[in-house]
Structures are given as structure tokens and as C-alpha cells.
Protein chains: 2
Amino acid sequence: MISTMTDCIFCRIVRGEIPSQTVYQNEWVTAFHDIAPKAPVHILIVSNKHLSGPLGVEETDAPIIGEIALAANRIARQLGFAANGFRLVANEGHDGSQSVAHLHFHLLAGRRLGWPPG
Amino acid sequence: MISTMTDCIFCRIVRGEIPSQTVYQNEWVTAFHDIAPKAPVHILIVSNKHLSGPLGVEETDAPIIGEIALAANRIARQLGFAANGFRLVANEGHDGSQSVAHLHFHLLAGRRLGWPPG
């Protein structure tokens, strides 16, 4: 069984209790469109298991991060932006401007992302 | 044996042929300070194996992405910025503004990172 939390908004999306525009889901991750997009394509890829963020990933959960990257690649091919490229962003804590305390990577595409990244 | 490329700048750093300010290295990844930092802490975490970027990661190499995340956490604790937080960024192709065609994650910390991330 996957460990989820009752009141976490991303856990609720993973469980289908809150509707989302889901673009990809497998055993490990769920991906859906960000409700406040910052690029023509802005998708959140979240772990199905509740983890607090990047820093909450211990060795046993590290494969989930690999699954997030594989999901990003599959989505990029599926939605047709693989050739043009994309950016993956994960935020931890205050300085990272983390918004939800559940591990998620932002997948941004459809325009050239500038530098620095925030 | 790790697969590296003769002329790739990050492969040369991994092999120690080009000096870098290395902060962490293990069997899977090498981390060193970015030479053009965009935050008080700006470290690159690269795969020791030559992979073209996020999109070059196939299923067999996905565990390397997990190792990159674990390395980020270890570095954050080692350098004392875990509590304040950080941002992880990986760029793919033109729209991602990828600069070097070798898989690397930017680890930024030491200031509050803005939004959007580029």
C-alpha cells in the first residue's frame, strides 16, 4: 500500500479525491497540469507516496526520483515537446520557495526558460 | 567501468583532468561549484556516466537520478543549508537552456529563489 496523508492536497489528487488534469500516472508518480502555469506547458510530477520534499527522500525512496525523471521524458514525448526541451525544478523549504510539503517536480516547457532559474 | 567521453568537459572533471572545486563524489555522481554562480551556493551535481541530459536517461540509468537527489541532501546537510532549503534544476535542450550536453542538476541555495524559475 502507498503511504498517503489525509489532508495533503497532493495526496488527495493522487487518490483522485480532488480533480486534476492528469497527464500521466503509474505505480510511483502522478503528473497533472499546474493550476498556476508559468509556461505554455507546466506540469507537476508528484510522488504517489507522501514525502515532504527532496530532503525527505531517504535511500529507500530514491528510486522514486528516477521514476519522476522517466515520467518527465515520457510526458515530453507524449505531448511532443521532447525535441524542443524542458526544465525540471524541485523546491525544498523556504529558500527554494517550496509551496506544498509533498515531493513534486515542476516540468516546464513551451518557451525558452531564462537564467537564473529564479 | 564508467562510460565517459574524451572531450566532454564534465567527463573530464569527473576524471579529474580538469580541476574543479569538488564538494562531493561517490560511485555515481560528482558535485562541484558552478564557475558562474547564480546564488550564494550554486553547485552542479553531474552523473559520472556520460548521459546527454534528462532525456538521455533510460530505465537502466534512472537510479542515477535518485543518487543525484541523495547527493543534494548530503551536500545540504554538509554545508549547513538544509534547514533553509534549496532548489534543484535540470535543463534539457533549447527551451531548457541546457548549457552542457552531460546530465547535471543545479543545486542553488543561500538566498530565496524567485518564481517562476526562469
Side-chain angles (χ1 to χ4, degrees), chain A residues 28 34 36-42 47 51 53-77 81-99 103 105-118, chain B residues 28 34 36-42 47 51 53-77 81-99 103 105-118:
Chain A
W28 305 99
D34 194 304
K38 299 300 183 187
V41 175
H42 187 168
S47 53
L51 297 165
L55 206 57
V57 177
E58 306 285 349
E59 289 193 26
T60 50
D61 292 317
I64 294 172
I65 306 285
E67 292 294 329
I68 288 173
L70 292 176
N73 292 346
R74 289 171 192 142
I75 293 163
R77 294 188 181 107
F81 61 80
N84 287 336
F86 55 84
R87 177 167 292 169
L88 276 171
V89 180
N91 299 325
E92 172 65 45
H94 175 273
D95 283 357
S97 296
Q98 185 179 7
S99 54
L103 180 67
F105 276 67
H106 297 262
L107 171 58
L108 299 119
R111 65 172 174 85
R112 184 156 202 192
L113 283 306
W115 202 248
Chain B
W28 305 97
D34 194 304
K38 299 301 182 187
V41 175
H42 187 167
S47 54
L51 297 165
L55 205 57
V57 178
E58 305 287 347
E59 289 193 25
T60 51
D61 292 317
I64 293 172
I65 306 287
E67 291 294 330
I68 288 173
L70 292 176
N73 291 346
R74 290 172 191 140
I75 293 163
R77 295 189 180 106
F81 61 80
N84 288 337
F86 55 83
R87 178 167 291 169
L88 277 171
V89 179
N91 300 323
E92 173 64 44
H94 175 272
D95 283 356
S97 296
Q98 185 180 9
S99 53
L103 180 67
F105 277 66
H106 296 263
L107 171 58
L108 299 118
R111 67 172 172 85
R112 184 155 202 194
L113 282 304
W115 202 249

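Worth saying up front: this structure is predicted, and the values here are computed from it rather than measured.
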CD of Glu67(A) to CD1 of Ile65(B): how many Å apart, nearest 0.5 Å?
11.5 Å

Could you work out, with side chain to side chain contact (heavy atoms under 4.5 Å, CB included) as the rule, every residue matching Ala90(B), not counting sequence neighbours?
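Result, side chain to side chain contact (heavy atoms under 4.5 Å, CB included) vs Ala90(B): Leu88(A), Pro54(B), Phe105(B).
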
Going by the rule side chain to side chain contact (heavy atoms under 4.5 Å, CB included), which residues pair with Glu59(B) if we only count those two or more places apart in sequence or in a different chain?
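Counting only residues at least two positions away or on another chain, Glu59(B) forms a side chain to side chain contact (heavy atoms under 4.5 Å, CB included) with Leu70(A), Arg74(A).
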
Specify the closest pair of heavy atoms between Leu55(A) and Phe86(B), including all atoms of both residues, with the distance to one decimal.
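So the minimum-distance heavy-atom pair works out to CD1-CE2, 4.0 Å.
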
Heavy-atom proximity to chain B below 4.5 Å, by part of Ile68(A)
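For Ile68(A), no heavy atom lies under 4.5 Å from chain B.
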
Pick from [options] with the largest number of heavy-atom pairs that fall under 4.5 Å of chain A:
options	answer
Gly53(B), Ser99(B), Gly85(B)	Gly85(B)
Gly114(B), Pro117(B), Ala69(B)	Pro117(B)
Pro116(B), Ala72(B), Ser97(B)	Ser97(B)
Ala36(B), Gly96(B), Gly93(B), Gly110(B)	Gly96(B)

Selection from Ile64(A), Val57(A), Asn91(A) maximising heavy-atom pairs under 4.5 Å formed with chain B:
Asn91(A)

Any idea which of His106(A), Gln98(A), His42(A) has the most non-hydrogen atom pairs under 4.5 angstrom with chain B?
His106(A)

With the side chain counted from C-beta on, respond yes when Glu58(B) and Asn73(A) share a heavy-atom pair under 4.5 Å apart, and no when they do not.
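Heavy-atom side-chain distance check fails, nothing below 4.5 Å.
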
Under 3.5 Å, is there a donor-acceptor pair between the side chain of Arg112(A) and the main chain of His94(B)?
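Side chain of Arg112(A) to backbone of His94(B), a donor-acceptor pair under 3.5 Å: yes, one is there.
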
